[in-house]
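Keep in mind it's a predicted model, so treat the numbers as computed, not measured.
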Amino acid sequence: EPPPTPMPEFESPAPAVGASVSEKAADDHSVATIVMAQRDRLRARCDALEAERDSFKRELQVQVASAESLKSDNTKLYEKVRYLQSYSSNSGVGPRGRGAAADRD
């Protein structure tokens with residue numbers, strides 16, 4: 001009997017009937033493993049993105065509170081400046097009052 005000739009690399013041997021069932025089960029298992037690993041990576045990425053979103057929400061709340069506080073402070077300062085300007089122009093004290101009158105003399 002002559003020795004079997006080696007098969008070229010591009011040809012695969014015909015699968016045996018019993019082997020195809022076990023190969024299919026192994027393929028199904030490896031596909032399931034890949035899909036589960038992908039699912040786990042996506043869950044981890046989703047958790048990381050949710051944590052980042054929550055961090056941004058907290059930072060936004062801090063910045064909004066800061067902006068409101070600054071706006072309130074600016075309004076109070078503006079009101080004080082307006083009061084002092086009206087006080088100095090009505091009483092004749094300050095740069096618009098006596099100082100301006102002294103320049104005219």
Problem - N/O donor-acceptor pair under 3.5 Å between Ser55 side chain and Ala51 backbone - result: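 No; zero donor-acceptor contacts below 3.5 Å.
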Exercise for the section: Just do the side-chain contact (heavy atoms from CB on, under 4.5 Å) check on Arg58 and Val62 with the steps written out, would you? Expected result: CA-CA 6 Å; Arg58 285 190 297 274; Val62 167; 5.7 Å; no
Practice task
Could you note down all residue pairs passing side-chain hydrogen bond (donor to acceptor under 3.5 Å, both in side chains) where residues 33-50 supplies at least one of them, sequence neighbours left out?
Solution key: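 Applying side-chain hydrogen bond (donor to acceptor under 3.5 Å, both in side chains) to every pair that reaches into residues 33-50, excluding sequence neighbours, yields nothing.
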Exercise for the section: Kindly state each residue pair satisfying side-chain hydrogen bond (donor to acceptor under 3.5 Å, both in side chains) with at least one member in residues 61-80, sequence neighbours excluded. Expected result: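 For residues 61-80, and leaving out neighbouring residues, the side-chain hydrogen bond (donor to acceptor under 3.5 Å, both in side chains) pairs sorted by first residue read Glu59-Gln63.
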Problem - Arg53 CZ: over 12 foreign heavy atoms closer than 6.0 Å - result: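 Enclosed.
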